[in-house]
Amino acid sequence: MKGIQGSAPSQASAGKLAAWQEAIAKQLMLANLDAGISVAEIAEACALSRSHFTRKFKESTLLSPHVWLRQQRVDKAMELLRDSPLSLTQIAMECGFFDQAHFCRVFAKSQGMSPLAWKRQQAMRAEVLRKLAC
């Protein structure tokens with residue numbers, strides 16, 4: 001498909017963020033995982049309007065900024081559940097959830113089980129792997 005000037009359309013004109021914009025957006029969201037950052041602030045850092053940024057981010061990642069950020073929070077929570085002694089409340093705060101109940105709802109919707117059930121499952125898997133290694 002040819003653009004107006006006879007060349008292939010650029011990534012930006014194809015509806016996706018430029019690589020630097022996607023990198024900046026993800027970096028900002030990850031750096032503010034616990035406190036959050038507005039889509040408007042991210043869009044400004046990417047030199048785009050809020051609506052244009054949201055549309056291009058979704059085209060680039062197949063997820064809206066909100067859904068992408070929520071998944072990153074769940075991923076960090078899984079890491080903390082597996083590798084740290086923190087309580088559910090502490091993990092919820094560390095990952096930017098409003099409270100433990102909010103964290104548990106979002107986690108269960110994402111993973112199909114509660115955070116504690118997931119943690120127990122991971123511990124059982126680790127124990128089985130340890131026994132198999134012996």
Side-chain angles (χ1 to χ4, degrees):
M1 181 166 146
K2 300 229 177 207
I4 294 174
Q5 298 175 337
S7 62
S10 70
Q11 188 177 20
S13 67
K16 293 185 177 184
L17 292 171
W20 71 268
Q21 291 171 316
E22 185 174 344
I24 290 287
K26 288 178 176 179
Q27 182 181 33
L28 283 171
M29 286 190 272
L30 290 172
N32 292 283
L33 200 60
D34 58 341
I37 185 170
S38 73
V39 173
E41 289 174 282
I42 301 166
E44 185 178 331
C46 293
L48 296 170
S49 70
R50 184 184 183 282
S51 61
H52 203 136
F53 167 76
T54 301
R55 192 169 39 254
K56 284 181 171 263
F57 187 91
K58 187 168 185 177
E59 184 69 28
S60 297
T61 65
L62 304 179
L63 298 170
S64 70
H66 176 75
V67 171
W68 188 88
L69 180 60
R70 184 175 58 218
Q71 186 56 52
Q72 299 313 303
R73 287 178 169 155
V74 169
D75 289 349
K76 182 175 181 182
M78 289 190 303
E79 180 183 319
L80 292 172
L81 283 166
R82 187 179 53 246
D83 301 332
S84 80
L86 297 176
S87 70
L88 288 181
T89 301
Q90 291 168 316
I91 291 172
M93 297 297 108
E94 183 78 20
C95 296
F97 293 100
F98 295 115
D99 55 29
Q100 181 180 335
H102 178 235
F103 165 52
C104 290
R105 278 193 312 275
V106 170
F107 190 95
K109 186 175 180 181
S110 172
Q111 300 304 306
M113 64 182 75
S114 72
L116 283 179
W118 186 89
K119 184 173 183 162
R120 285 186 200 114
Q121 182 184 64
Q122 296 305 304
M124 286 175 29
R125 284 183 181 166
E127 184 61 30
V128 167
L129 289 175
R130 273 192 291 275
K131 287 179 181 179
L132 290 174
C134 292

Derivation of the side-chain contact (heavy atoms from CB on, under 4.5 Å) call for Leu88 and Leu81:
CA-CA 8 Å; Leu88 288 181; Leu81 283 166; 3.7 Å; yes

Rounded to the nearest 0.5 angstrom, the NZ-CZ distance for Lys26 and Phe57 is 6.0 Å

Which atom pair, heavy atoms only, marks the closest approach of Leu80 to Ser84?
O-OG, 2.7 Å

Do Arg55 and Glu59 sit within salt-bridge range, that is, some charged N less than 4.0 Å from a carboxylate O?
no

Which atom names give the shortest non-hydrogen contact between Ala92 and Asp99, and what distance separates them?
CB-O, 3.7 Å

What are the two closest heavy atoms between Val74 and Ser110, and how far apart are they?
CG1-OG, 3.7 Å

Heavy-atom closest pair (Ile42 atom, Leu28 atom, distance to 0.1 Å) is CA-CD1, 4.3 Å

Does the distance from a Lys or Arg side-chain N to an Asp or Glu carboxylate O, for Arg130 and Glu127, drop under 4.0 Å?
yes

Nearest heavy-atom approach of Ala43 to Phe53 is CB-CB, 3.6 Å

In terms of hydrophobic clusters joined by side-chain contacts under 4.5 Å, are Val106 and Leu63 together?
no

Only counting residues at least two apart or in another chain, list the ones meeting ring-ring contact (aromatic ring centres under 6.0 Å, His included) with His66.
none

Return yes if some donor-acceptor pair links the side-chain N/O of Arg50 with the main-chain N/O of Ala40 below 3.5 Å, else return no.
no

Return each pair, listed once, that meets ring pair (Phe, Tyr, Trp, His ring centres under 6.0 Å) where at least one residue sits in residues 76-98; pairs must be two or more places apart or across chains.
Phe97-His102, Phe97-Phe103, Phe98-His102

To the nearest 0.5 Å, how far apart are NZ in Lys119 and CG in Asp83?
9.5 Å

Let me confirm one number: the CG-CG distance from Leu30 to Leu69, rounded to the nearest 0.5 Å.
8.0 Å

Just do the side-chain contact (heavy atoms from CB on, under 4.5 Å) check on Leu48 and Gln21 with the steps written out, would you?
CA-CA 9 Å; Leu48 296 170; Gln21 291 171 316; 3.6 Å; yes

Leu17 CG to His52 NE2 distance, which is reported to the nearest 0.5 Å:
8.5 Å

side-chain contact (heavy atoms from CB on, under 4.5 Å) between Gln72 and Met29, worked out
CA-CA 9 Å; Gln72 299 313 303; Met29 286 190 272; over 6 Å; no

Min side-chain heavy-atom separation Trp118-Arg82 under 4.5 Å
yes

Compare every heavy atom of Gln90 with every heavy atom of Ser87, then report the nearest pair and how far apart it is.
N-OE1, 2.7 Å

Report yes if some heavy atom in the side chain of Asn32 is under 4.5 Å from a heavy atom in the side chain of Glu41; otherwise report no.
no

May I ask whether Trp68 and Ile37 are part of the same hydrophobic cluster, defined by side-chain heavy atoms of I, L, V, M, F, W, Y residues being less than 4.5 angstrom apart, directly or through others?
yes

Could you check if a side-chain atom of Ile91 sits within less than 4.5 angstrom of a side-chain atom of Pro115, using non-hydrogen atoms only?
no

Measuring from Met93:CE to Cys95:SG, what's the distance to the nearest 0.5 Å?
9.5 Å

Rounded at 0.5 Å granularity, tell me how far CZ in Arg120 sits from CE in Met113.
11.5 Å

Mark yes when over 12 heavy atoms from residues, nucleotides or ligands other than Lys76 sit less than 6.0 Å from its NZ; otherwise mark no.
yes

